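Okay, structure first, notes after.
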Amino acid sequence: MPGLENIRQTVSDWCQSILGWTGPDTIEQLAGGANNAVFRCERRGESIIVKAFPEPTDGRPDRFGAECTFLTYANSAAPDYVPKLIFADTSARILAMELLSGTPYRSSQDVSASDINRAANFLRALNSSATSARPDTSQRAADGFLTLSEHIENVAARAEGMSSEHIPQEHRAEALSILDGLKTSLAETKKQVAQAIGGGAIEDAWPEDGLILSPSDFGFHNAFKCGAGAVFFDFEFAGWDDPAKTIADFFLQPRVPVAAAYRETLLDGVKECIPVEVVKARADTLTPVLRLKWAAIALSVLQPERWAALNQITFDKSPEMLIRERFQTARNLLSTGA
């Protein structure tokens with residue numbers, strides 16, 4: 001993706017050259033994209049969403065490829081649950097998709113049992129023909145590790161790259177305090193997981209042939225309430241994943257939390273495509289680890305390169321606001337797991 005200072009003009013040019021638009025009349029950059037730039041483009045009353053992705057760096061997964069591949073498959077396997085993909089430009093790393101007509105979920109109070117059933121139906125539709133889907137959707141989900149040990153190592157690696165030297169002086173003491181809390185909790189959680197594995201309560205590894213196709217970053221923070229029910233979007237981390245991670249993350253994601261009381265509803269809805277009892281026990285063990293990962297994601301402002309990238313692409317929040325929000329999210333997650 002070109003420099004962000006030119007991205008609005010790039011999107012306008014792309015709409016004209018690729019989609020044949022002579023406008024668009026308006027281009028509105030939407031808030032919330034931390035890994036890409038998202039725009040609502042309108043011409044003569046016709047509106048679409050255009051999403052532009054940067055090139056992958058440092059060996060990281062290709063987010064454009066993941067979203068394009070997943071959305072192409074989901075348009076066929078679960079068309080009522082995702083936006084329609086209009087065009088994918090591999091060279092420009094830009095996707096165009098339909099603009100959803102609905103309202104966002106703002107808090108846990110917006111989520112009902114029917115929404116949970118809708119999410120379960122989406123997962124089931126994605127995995128009802130898993131064997132035939134696999135050749136076209138070979139990419140592993142982001143952090144789609146097969147072992148619990150790798151998940152712990154991932155959190156440790158995220159924390160290891162953090163410091164407070166690049167953020168404003170007035171936030172450094174708080175940053176170090178929260179980071180110390182993360183590392184202390186991780187050490188204790190690592191011991192507990194090792195005891196569970198050593199005692200035979202849980203297997204460290206999940207079999208590769210037991211993976212499911214997951215939207216990843218799956219929850220109502222990435223959904224609109226539409227006429228037929230929840231419609232999900234944002235699949236740049238999607239791919240094949242441990243079903244226990246999919247279930248655990250669904251309830252852990254901090255932007256629109258889902259009450260734990262709904263877990264049985266979700267599990268009952270996906271029992272046709274995953275071994276529920278085994279997955280439930282594995283999710284119980286994995287949840288404390290992934291809670292710490294969500295805290296580490298919030299604290300990614302303490303990674304110098306990530307801090308620079310966030311400040312470049314997050315146009316709707318000041319650096320001060322970004323730090324305060326991220327620190328509060330991390331504190332909430334760490335206190336919940338205490």
Side-chain angles (χ1 to χ4, degrees), residues 1-8 10 29-38 51-64 66 93 142-143 145 150-190 216-217 221 234 236-237 249 252-255 289-338:
M1 186 170 68
L4 289 174
E5 67 278 5
N6 299 318
I7 190 60
R8 185 181 296 268
T10 298
Q29 187 169 2
L30 303 182
N35 301 298
N36 44 64
V38 184
K51 195 169 182 179
F53 295 77
E55 291 286 346
T57 58
D58 302 327
R60 294 180 181 178
D62 179 6
R63 291 169 175 162
F64 168 82
R93 299 181 63 77
D143 298 340
F145 308 119
E150 287 174 288
H151 282 288
I152 293 171
E153 291 167 5
N154 176 257
V155 180
R158 289 174 182 269
E160 190 64 30
M162 294 179 187
S163 73
S164 63
E165 298 304 312
H166 58 283
I167 65 172
Q169 177 72 41
E170 61 268 27
H171 296 292
R172 292 179 185 176
E174 183 183 11
L176 292 176
S177 175
I178 299 173
L179 184 55
D180 183 64
L182 172 64
K183 291 180 178 180
T184 299
S185 296
L186 180 60
E188 181 59 32
T189 300
K190 183 176 181 179
S216 201
D217 200 14
H221 60 306
D234 203 357
E236 63 196 57
F237 301 113
D249 272 344
L252 284 171
Q253 59 80 20
R255 284 167 53 195
V289 180
L290 294 181
R291 180 178 287 112
L292 296 179
K293 187 181 90 168
W294 280 102
I297 289 171
L299 291 175
S300 63
V301 292
L302 300 182
Q303 297 168 330
E305 290 184 4
R306 183 60 174 157
W307 170 247
L310 285 170
N311 276 290
Q312 187 181 33
I313 205 166
T314 307
F315 70 95
D316 59 320
K317 296 174 185 175
S318 68
E320 174 77 14
M321 184 183 300
L322 195 58
I323 288 175
R324 290 187 181 279
E325 286 186 359
R326 292 300 192 94
F327 281 10
Q328 185 61 55
T329 297
R331 282 196 299 267
N332 292 344
L333 287 161
L334 293 173
S335 63
T336 301

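Treat the numbers as computed from the prediction; the structure is a model and nothing was measured.
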Tell me if a side-chain donor or acceptor on [X] pairs with a main-chain N or O of [Y] at a distance below 3.5 Å.
{"X": "R63", "Y": "F237", "value": "no"}
{"X": "R93", "Y": "A52", "value": "no"}
{"X": "R326", "Y": "A298", "value": "yes"}
{"X": "S177", "Y": "A173", "value": "no"}
{"X": "R172", "Y": "S163", "value": "no"}

Looking only at heavy atoms, which two atoms of [X] and [Y] are closest? And how far apart?
{"X": "A295", "Y": "L333", "result": "N-CD1, 3.4 Å"}
{"X": "H166", "Y": "V301", "result": "NE2-O, 2.8 Å"}
{"X": "S300", "Y": "L310", "result": "OG-CD1, 4.2 Å"}
{"X": "Q29", "Y": "A37", "result": "NE2-CB, 4.1 Å"}
{"X": "L302", "Y": "A175", "result": "CD2-CB, 3.7 Å"}
{"X": "D217", "Y": "H221", "result": "OD1-NE2, 2.8 Å"}

### Message
In the structure I gave you, are the side-chain heavy atoms of D62 and F53 within less than 4.5 Å of one another anywhere?
### Response
no
### Task
Taking the side chain as every heavy atom from C-beta outward, state whether D143 and E150 have any pair of such atoms under 4.5 Å apart.
no
### Query
Looking at residues at least two apart in the chain, or sitting in another chain, which of them share a salt bridge (Lys or Arg N to Asp or Glu O under 4.0 Å) with K51?
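Partners of K51 by the salt bridge (Lys or Arg N to Asp or Glu O under 4.0 Å) criterion, ordered by chain and then number, come out as E67, D234, E236.
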Measuring from atom [atom1] of [X] to atom [atom2] of [Y], what distance do you get when rounded to the nearest 0.5 angstrom?
{"X": "L299", "Y": "R331", "atom1": "CG", "atom2": "CZ", "result": "10.0 Å"}
{"X": "I152", "Y": "L290", "atom1": "CD1", "atom2": "CG", "result": "10.0 Å"}
{"X": "R158", "Y": "R306", "atom1": "CZ", "atom2": "CZ", "result": "9.5 Å"}
{"X": "I167", "Y": "E320", "atom1": "CD1", "atom2": "CD", "result": "10.0 Å"}
{"X": "H171", "Y": "I323", "atom1": "NE2", "atom2": "CD1", "result": "4.5 Å"}
{"X": "T329", "Y": "I178", "atom1": "OG1", "atom2": "CD1", "result": "10.0 Å"}

### Query
Is it the case that more than 12 heavy atoms not belonging to E160 sit under 6.0 Å from its CD atom?
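No.
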### Task
Kindly write out the residues that satisfy ring pair (Phe, Tyr, Trp, His ring centres under 6.0 Å) with F145, not counting sequence neighbours, or none if the list is empty.
H151
#### Entry: Distance-only polar pair, side chains of Q328 and N332, donor-acceptor under 3.5 Å
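Their side chains do contain a donor-acceptor pair, which is all the 3.5 Å distance test asks for.
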